[in-house]
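Working notes, beginning with the structure itself.
Every chain is numbered from 1, with letters handed out A, B, ... down the list of sequences.
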Amino acid sequence: MTASLSQTVIRQMDRRKMLSFALPGVILIYLIYAAFSFDLAGLAARARMDNAAILLGDFWSHKTHVTRDNRSGDLTIAIEGESKGRYPTGTRPDWVTVDGAVTRIDLGNGHLVTYDDAGARYVIPGYGTVDIRPEGGQLALVAPQPLPDWINASENKVSVTTDAGRFNYSRSKVETFKYKPGWELFFFTLDSPYYGHGPIALLFGERLDPERSNITGMAQDFWTNRMWRHGDVVWALFETVLMAFLGTMAGAMLALPLGFMAASNMMPFRAVRFAFRRLFDFIRGVDGLIWTIILSRAFGPGPMTGALAMFITDTGTFGKLFSEALENIDDKQVEGIRSTGASSLQRARFGVIPQVTPVLLSQVLYMLESNTRSATVIGAIVGGGIGLLLTQAIQTQKDWEEVAYYITLIVLMVMAMDSLSGWLRRKLIKGE
Amino acid sequence: MVDIAFGPEKGQRPDLGDTRAAYLEMVRRKRMYGGILLAVFVAMMASGFILAQERNAGDFWSGLPMLGAFPSEVLSEAWANRANLPGLFVEFFPSLVETLNIAAVATLLGALMAVMLALLATRGLARWPRAIPLFRRMMDASRAIPEIVVALVLIYILGGGPVPAVIAIALHTGGALGKLFSEVAENADLKPVEGLTSVGATWGQRMWLGVIPQVAPNWLSYALLRFEVNVRASAILGFVGEGGIGHDLKLAMQWGQGRYDQVVAIFLLLFLTIVLIDRLSDRVRLRLVKGI
């Protein structure tokens, strides 16, 4: 007896020991397989670390383009090179000086760029002067030899990248980029009278625009800022929350009666129960992505389509969750109400609903929370809300400061919804 | 009894003489609050609907009859070419495997991250109790950033392929599972941990031998549930970004008419896989949590 017991124990221990070594082994083998199938080795070659550097830099800084058209000689200074951020003629930042046809750009730390009739020169401390002159349709470059790898020169184009900025000379134009930390023009664009004033001057100083008081004027100019489009962004955020709210609530409202139909203690007919359960399985199985595609064909892009997609998927999920919650209720209360001669509708209203309300409510709030997150993705597919703005900004591959702005707003929105739903849960379910 | 419940002063006691009126008064008040809440809710839904309607390109009521048009167009074309379907299943099977691989690897990596974060962020188990808020905030942050954001930014850096999707899903999974794991670990019995401490076990040994065996079934069950979610997420990320069956679906949809048999083949593959995984994980989770 004792011998067999000890044998059993030893056998079990051996099995466990094998399992505890085999399991990590299997996982490891799977991960190695995945590494090969995902072509990790090729990834190292494909990864663009220079893109990463651009992205990280652009997240928190902006660049100002100083461009001269070599044919007409016109000089334009524009933030991010966009027409929306162009300095009006005659105005320029204090690090650019124009003297007739000579333009001097001070990039800081002794880096000096000069455009003149002959061509352009870039003085780099610790290296020397890069001098470029167009001669007979080609670019003649004079610079200390050998050329370092941060100078790229060909017959048609010369580009220099230093810590202070970037400099490009091609036959048609010469450009200098100066990088500065911060999101430029975040509050006001250059054409706004409020640009470039400190907060104290704006709040307590005299009227800058005789037509409007400073506060209204600032609010208007901020809201309609063409560079950052704050007004549109706020609308997009609101649309995203709206999609999540409408979809979740409508789904919950439809799923409640359907849940009764699928719960074994509420619906006596097996066939009906079976049909509703399979319906929920079908809705959940088709997946939100596919519902979204079908709906956007019928309703076109916009928040309504997103809300409807969420409504359909949530009906499936809630139907399953609600029917499970209904199956777990305490029958005694229903019995009590039945004993007073109540109809089945009255039993459901007074015997079942008060019991399940806290459970259902907390499920709905959790779903609202997670749908706020999904609404970003669905917005990217159906073309509505902040998801659309975000994907557009990422696809242009240059407005990374806008991407950073949207990401910050999305994270704040999700966190706000998290705490709102947590607060409501405490308030409604636990009674303060 | 009344004295015990309401104190000796007469004024505090409920007026037992008029129970009926008091009860009706209470019911009336409850109904009023309920009615106000309901009215606010209905107003929010209605105005939300109108607003969403206004900002949508297509109208809801005129779109409703069109709802069946696209599916029936797709299905009729696919039915005409139904002979192609088995071949298309074989053609798209590798992409399906890629989607599943993305989800599985992301779940594994995310679960590993979640285990570490959860153990470090649970009171009573944490290696550095003072750093608990730090690890909690890390979980919150990785949960709050939607997968699509990370995926799209990483596609720019790493180029296409499945890796950006894996990293994006894994990060999100780490945060989401970390929270659930930590809730489970909070309820773990600390006696085995104390026993191990008394024989001089290191922190790693205490966790591995004292905590993990207790929480493993619940953790595994949550991880499986997450795997289900991640399969869907990986399909969607493929559609928006790159890689897997979602990407094939996007290509087939962009082509439009003439490739609807491919669309149906991908729909079916995805549908069957999701239902199958749902079923399997339901069964396994039931066994894990309830013990066979």
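Note that CZ of B:F239 is 8.5 Å distant from OG1 of A:T292, once rounded to the nearest 0.5 Å. Between the CD1 atom in A:I27 and the CG atom in B:L112 there is a gap of 7.5 Å [rounded to 0.5 Å].
Using non-hydrogen atoms only and a strict 4.5 Å limit, the part of residues 374-384 of chain A facing chain B consists of A:T376, A:V377, A:A380, A:I381. For residues 267-275 of chain B, the interface with chain A (any heavy-atom pair closer than 4.5 Å) comprises B:F267, B:L270, B:F271, B:I274, B:V275, sorted by residue number.
Nearest heavy-atom pair, A:Y33 versus B:N101, reported as atom, atom and distance to 0.1 Å: OH-ND2, 3.1 Å. Nearest heavy atom pair, residue A:V411 against residue B:A144, reads CG1-CB, 4.0 Å. Taking both residues in full, the closest heavy atoms of A:P303 and B:A52 are given as CG-O, 3.8 Å, listed atom of the first, atom of the second, then distance. Scanning all heavy atoms of the two residues, the minimum distance from A:F299 to B:L64 falls at CE2-N, 3.5 Å. Closest non-hydrogen pair, B:G48 versus A:L242, comes out as CA-CD1, 3.6 Å. Scanning all heavy atoms of the two residues, the minimum distance from A:L289 to B:A235 falls at CD2-O, 4.0 Å.
The parts of B:L158 that come within reach of chain A are both its backbone and its side chain, each placing non-hydrogen atoms under 4.5 angstrom from that chain. With a 4.5 angstrom heavy-atom cutoff, B:V74 does not touch chain A via any of its atoms. For A:I394, the part lying near chain B is the side chain, with the backbone staying farther off; criterion is any non-hydrogen pair under 4.5 Å. Neither the backbone nor the side chain of A:Y406 comes within contact range of chain B; no heavy atoms are under 4.5 Å apart. For A:L308, the part lying under 4.5 angstrom from a heavy atom of chain B is the side chain only. Both the backbone and the side chain of B:I102 come within contact range of chain A, judged by heavy atoms closer than 4.5 Å. Heavy-atom distances place the side chain of A:I407, and not its backbone, under 4.5 Å from chain B.
Between chain A and the options B:V153, B:I155, B:V263, the largest number of non-hydrogen pairs under 4.5 Å is found for B:V153. In terms of heavy-atom pairs under 4.5 angstrom with chain B, the leader among A:T372, A:L295, A:V403, A:I293 is A:I293. The candidate with the highest count of non-hydrogen atom pairs below 4.5 Å against chain A, out of B:L67, B:I157, B:L152, is B:I157. For chain A, the option among B:R55, B:R232, B:M66 with the highest count of heavy-atom pairs below 4.5 Å is B:R55. Chain B forms more heavy-atom pairs under 4.5 Å with one residue of A:W235, A:F282, A:F245 than with any other, namely A:W235. Your options are A:M415, A:R284, A:M413, and the one with the most heavy-atom pairs under 4.5 Å with chain B is A:R284. Of all the listed residues (A:A307, A:G300, A:G285), the one sharing the greatest number of non-hydrogen pairs under 4.5 Å with chain B is A:G285.
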> Could you go step by step and tell me if A:V414 and B:R143 meet the side chain to side chain contact (heavy atoms under 4.5 Å, CB included) rule?
Replying inline: CA-CA 9 Å; A:V414 169; B:R143 212 170 46 237; over 6 Å; no
>> One pair to check against side chain to side chain contact (heavy atoms under 4.5 Å, CB included): B:F49 and A:M304. What are the steps and the verdict?
In response: CA-CA 8 Å; B:F49 177 79; A:M304 164 75 72; 3.6 Å; yes
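A 6.0 Å sphere centred on CZ of B:F41 holds more than 12 heavy atoms belonging to other residues, nucleotides or ligands. Other residues, nucleotides and ligands contribute at most 12 non-hydrogen atoms within 6.0 Å of the CZ atom of B:F93.
You'll find the side chain of B:V105 reaches within 4.5 Å of the side chain of A:F38, heavy atoms only. You'll find the side chain of B:H172 reaches within 4.5 Å of the side chain of A:R373, heavy atoms only.
The aromatic rings of B:Y156 and A:W400 sit tilted, their planes meeting at an angle between 30° and 60°.
Looking at A:K320 and B:D278, no side-chain N of the basic residue comes within less than 4.0 Å of a carboxylate O on the acidic one, giving no salt bridge.
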